[in-house]
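Side chains included, hydrogens not; waters and symmetry mates left out as well; all remaining heavy atoms used. The first residue of the sequence shown is numbered 1, and numbering continues consecutively from there.
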Amino acid sequence: MNRTISYMLTASLLLAGCSAAGDAQKPKETDEVKNEKVDTEEKAAEKTTENKNEEQVEETSEEDVQESVEVEQSTPQYRMKTDFSIENIENPDEKIVLLTIDDAPDKNALEMAKTLKSLNVNAIFFVNGHFLDTPEEGEVLKEIHKMGFVIGNHTYNHKSLKDLSMEQQRKEIVGLNDRVEELIGERPHFFRAPFGMNTDFSKQLAADEKMLVMNWTYGYDWEQDYQSKDALADIMINTPFLRNGANLLMHDRKWTSEALRDIVRGLQDKGYNIVDPSQIETPANSETAAN
């Protein structure tokens with residue numbers, strides 16, 4: 001019995017010794033190690049804060065740049081004179097012309113837009129509502145707009161405004177603006193009356209809608225003698241009415257579409273720059289106009 005108790009005491013001492021040895025092998029954290037861990041954690045936290053601050057500064061800088069670009073893009077560089085010609089506000093002597101296309105989007109407007117896009121020039125497409133009645137026609141307008149072209153109001157049904165009541169004129173003008181906005185998400189900033197004939201009421205409506213009333217300085221494609229590619233291109237380039245600031249009227253017509261590339265190149269060969277109409281001062285952007 002005494003021998004058994006002796007064995008049990010010996011075993012207990014051995015187990016206790018093993019446990020103590022195991023604990024001795026585990027590294028104990030000294031005060032120095034603990035301090036190092038605290039320093040490392042603090043530095044990591046400081047680094048994270050610095051990174052976040054840098055990201056915030058970078059995001060703020062990008063936002064500032066974007067805002068600056070938007071302001072610059074929204075500031076008009078051109079204005080229309082009383083004779084419907086266009087001039088550079090800060091450099092009136094710049095040789096420029098404006099391209100406008102009426103009665104769109106009929107059968108040729110999309111192809112004309114593609115031609116202009118390939119030449120890296122812009123234009124105003126003055127549209128009629130009766131060409132926007134079907135979903136397919138609406139898609140054509142959307143595509144022209146997505147290509148970067150300015151959309152103008154040429155009334156819904158292309159009727160002489162002088163023959164219409166005030167309420168009918170309102171439907172022709174405001175009704176078309178509503179339809180255009182429904183399709184492309186914005187209202188036109190340019191208005192051109194059918195045949196260039198306005199009324200006092202149509203002018204007031206245009207002002208209320210913040211649109212610039214615009215006619216033209218010359219055009220030929222509705223005349224019988226110029227309803228072919230070569231004849232139209234020749235007269236549009238060599239007419240005596242071509243001058244600095246000329247406002248060119250063209251239409252959505254087959255022969256005009258065919259002549260368009262030669263017209264643009266001919267104008268450029270004579271030293272004219274094609275105006276970007278989005279940079280023209282209108283009642284909608286006049287508060288940002290250049291001085």
Side-chain angles (χ1 to χ4, degrees), residues 80 84 86 98-117 121-161 164 168-199 202-203 205-216 219 221-222 247-257 259-260 263-264 274-280 282-285:
M80 188 183 74
F84 304 110
I86 308 298
L98 174 66
L99 306 179
T100 67
I101 300 169
D102 286 12
D103 302 351
D106 196 1
K107 298 179 178 66
N108 307 280
L110 184 55
E111 186 61 33
M112 296 173 82
K114 290 178 179 178
T115 297
L116 293 171
K117 186 72 173 178
V121 297
N122 213 316
I124 303 175
F125 281 80
F126 282 101
V127 303
N128 295 119
H130 60 77
F131 292 129
L132 301 173
D133 287 333
T134 69
E136 293 77 15
E137 290 170 335
E139 288 303 314
V140 171
L141 182 68
K142 289 179 183 179
E143 187 168 352
I144 292 173
H145 179 255
K146 286 178 181 177
M147 293 167 69
F149 294 100
V150 173
I151 306 302
N153 183 320
H154 197 37
T155 73
Y156 212 100
N157 294 296
H158 202 277
K159 295 180 179 179
S160 174
L161 296 176
L164 303 179
Q168 289 172 323
Q169 291 180 61
R170 182 183 299 276
K171 289 181 179 178
E172 287 290 315
I173 297 170
V174 179
L176 177 56
N177 274 2
D178 291 342
R179 177 58 174 155
V180 170
E181 183 177 26
E182 178 185 338
L183 290 169
I184 66 173
E186 61 185 56
R187 300 175 81 78
H189 294 157
F190 297 90
F191 174 69
R192 176 171 287 168
F195 320 110
M197 295 189 296
N198 277 284
T199 65
S202 70
K203 292 177 182 177
L205 277 179
D208 292 343
E209 289 283 308
K210 295 187 176 181
M211 293 189 294
L212 178 66
V213 175
M214 176 182 285
N215 279 2
W216 58 90
D221 64 356
W222 62 92
N247 186 337
L248 281 59
L249 169 61
M250 295 175 282
H251 293 80
D252 182 332
R253 302 288 186 270
K254 182 177 183 295
W255 51 89
T256 309
S257 179
L260 188 56
I263 292 172
V264 172
I274 311 299
V275 169
D276 178 355
S278 68
Q279 293 297 311
I280 297 176
T282 71
N285 64 20

Trainee: What residues form a side chain to side chain contact (heavy atoms under 4.5 Å, CB included) with Asn128, not counting sequence neighbours?
Mentor: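 Counting only residues at least two positions away or on another chain, Asn128 forms a side chain to side chain contact (heavy atoms under 4.5 Å, CB included) with Asp103, His130, Phe131, His154, Thr155, His158.
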Trainee: Tell me which one of Leu161, Ile173, Asn177, Thr199 satisfies side chain to side chain contact (heavy atoms under 4.5 Å, CB included) with Leu205.
Mentor: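 Checked Leu161, Ile173, Asn177, Thr199 against Leu205; only one passes side chain to side chain contact (heavy atoms under 4.5 Å, CB included): Ile173.
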Trainee: Mark yes or no for whether Trp216, through its side chain, and Phe84, through its backbone, hold a donor-acceptor pair below 3.5 Å.
Mentor: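 No: the side chain of Trp216 does not pair with the backbone of Phe84.
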Trainee: Taking all non-hydrogen atoms of both residues into account, name the closest pair between Ser278 and Val150 and its distance.
Mentor: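 In terms of heavy atoms, the two residues are closest at N-CG2, 3.8 Å.
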Trainee: Verify the distance criterion only: is there a donor paired with an acceptor across the side chains of Asp133 and Tyr156 at less than 3.5 Å?
Mentor: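 The criterion, which ignores hydrogens and geometry beyond distance, is satisfied for Tyr156 and Asp133.
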Trainee: Do Leu132 and Leu176 make a side-chain contact, defined as non-hydrogen atoms from C-beta onward lying under 4.5 Å apart?
Mentor: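 Touching, per the 4.5 Å side-chain cut-off.
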Trainee: Kindly indicate, with the supporting measurements, whether the criterion salt bridge (Lys or Arg N to Asp or Glu O under 4.0 Å) is fulfilled by Asp106 and Arg253.
Mentor: CA-CA 8 Å; Asp106 196 1; Arg253 302 288 186 270; 5.2 Å; no
Trainee: Show, in sequence, the C-alpha distance, side-chain angles and deciding distance for Lys107 and Asp252, and conclude whether the salt bridge (Lys or Arg N to Asp or Glu O under 4.0 Å) test is met.
Mentor: CA-CA 7 Å; Lys107 298 179 178 66; Asp252 182 332; over 6 Å; no
Trainee: Is a donor on one side and an acceptor on the other found under 3.5 Å between the side chain of Gln169 and the backbone of Leu164?
Mentor: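 The answer is yes, because a donor-acceptor pair under 3.5 Å joins these two groups.
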Trainee: With a 4.5 Å cut-off on side-chain heavy atoms, are Asn122 and Pro277 touching?
Mentor: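 Of all side-chain heavy-atom pairs linking Asn122 with Pro277, at least one is under 4.5 Å.
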Trainee: State the NZ-CZ distance between Lys203 and Phe191, to the nearest 0.5 angstrom.
Mentor: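 Going from NZ on Lys203 over to CZ on Phe191, the span is 11.0 Å.
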Trainee: Taking His251's backbone N and O only, do any of them form a donor-acceptor pair with Asp102's side chain (distance below 3.5 Å, no angle check)?
Mentor: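 Not a single qualifying donor-acceptor pair exists.
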Trainee: Please check if the side chain of Glu209 supplies one atom and the backbone of Val174 the other of a donor-acceptor pair under 3.5 Å.
Mentor: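 Checked: no pair found.
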Trainee: Tell me, do Lys159 and Pro194 make a side-chain contact under 4.5 Å, heavy atoms counted?
Mentor: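 In short, these two side chains do not touch, never coming nearer than 4.5 Å.
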Trainee: Would you check, one step at a time, whether the test side chain to side chain contact (heavy atoms under 4.5 Å, CB included) holds for Arg187 with Asp178?
Mentor: CA-CA 7 Å; Arg187 300 175 81 78; Asp178 291 342; 2.9 Å; yes
Trainee: Before giving the answer on side chain to side chain contact (heavy atoms under 4.5 Å, CB included), spell out for Leu99 and Ile124 the whole-Å C-alpha distance, their side-chain angles and the decisive distance to 0.1 Å.
Mentor: CA-CA 7 Å; Leu99 306 179; Ile124 303 175; over 6 Å; no
Trainee: With a 4.0 Å cut-off, would you call Glu143 and Lys146 a salt bridge?
Mentor: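 Salt bridge absent between Glu143 and Lys146.
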Trainee: Would you check if Phe126 and Met214 make a side-chain contact, meaning some heavy-atom pair closer than 4.5 Å?
Mentor: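 Yes, side chains in contact.
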Trainee: Check for a donor-acceptor pair, side chain of Asn157 on one end and backbone N or O of Glu172 on the other, with a separation under 3.5 Å.
Mentor: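 No.
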Trainee: Does a side-chain heavy-atom distance below 4.5 Å link Met197 with Ser160?
Mentor: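 Side chain of Met197 against side chain of Ser160, heavy atoms only: contact under 4.5 Å found.
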Trainee: Start with the C-alpha gap between Lys114 and Met147, add the side-chain angles, then the distance that decides, and say whether side chain to side chain contact (heavy atoms under 4.5 Å, CB included) holds.
Mentor: CA-CA 8 Å; Lys114 290 178 179 178; Met147 293 167 69; 3.8 Å; yes
Trainee: Who pairs with Lys117 by salt bridge (charged side-chain N to carboxylate O under 4.0 Å, His left out), at least two apart in sequence or on another chain?
Mentor: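 Here no residue qualifies.
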Trainee: Please lay out, stage by stage, how Ile101 and Leu116 fare under the test side chain to side chain contact (heavy atoms under 4.5 Å, CB included).
Mentor: CA-CA 11 Å; Ile101 300 169; Leu116 293 171; 4.0 Å; yes
Trainee: Under the side chain to side chain contact (heavy atoms under 4.5 Å, CB included) test against Met80, which residue among Thr282, Leu212, Leu98 passes?
Mentor: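 Answer after filtering Thr282, Leu212, Leu98: Leu212.
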Trainee: Can you name the residues that form a salt bridge (charged side-chain N to carboxylate O under 4.0 Å, His left out) with Glu111, not counting sequence neighbours?
Mentor: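 Scan of Glu111 (salt bridge (charged side-chain N to carboxylate O under 4.0 Å, His left out), adjacent residues dropped) gives none.
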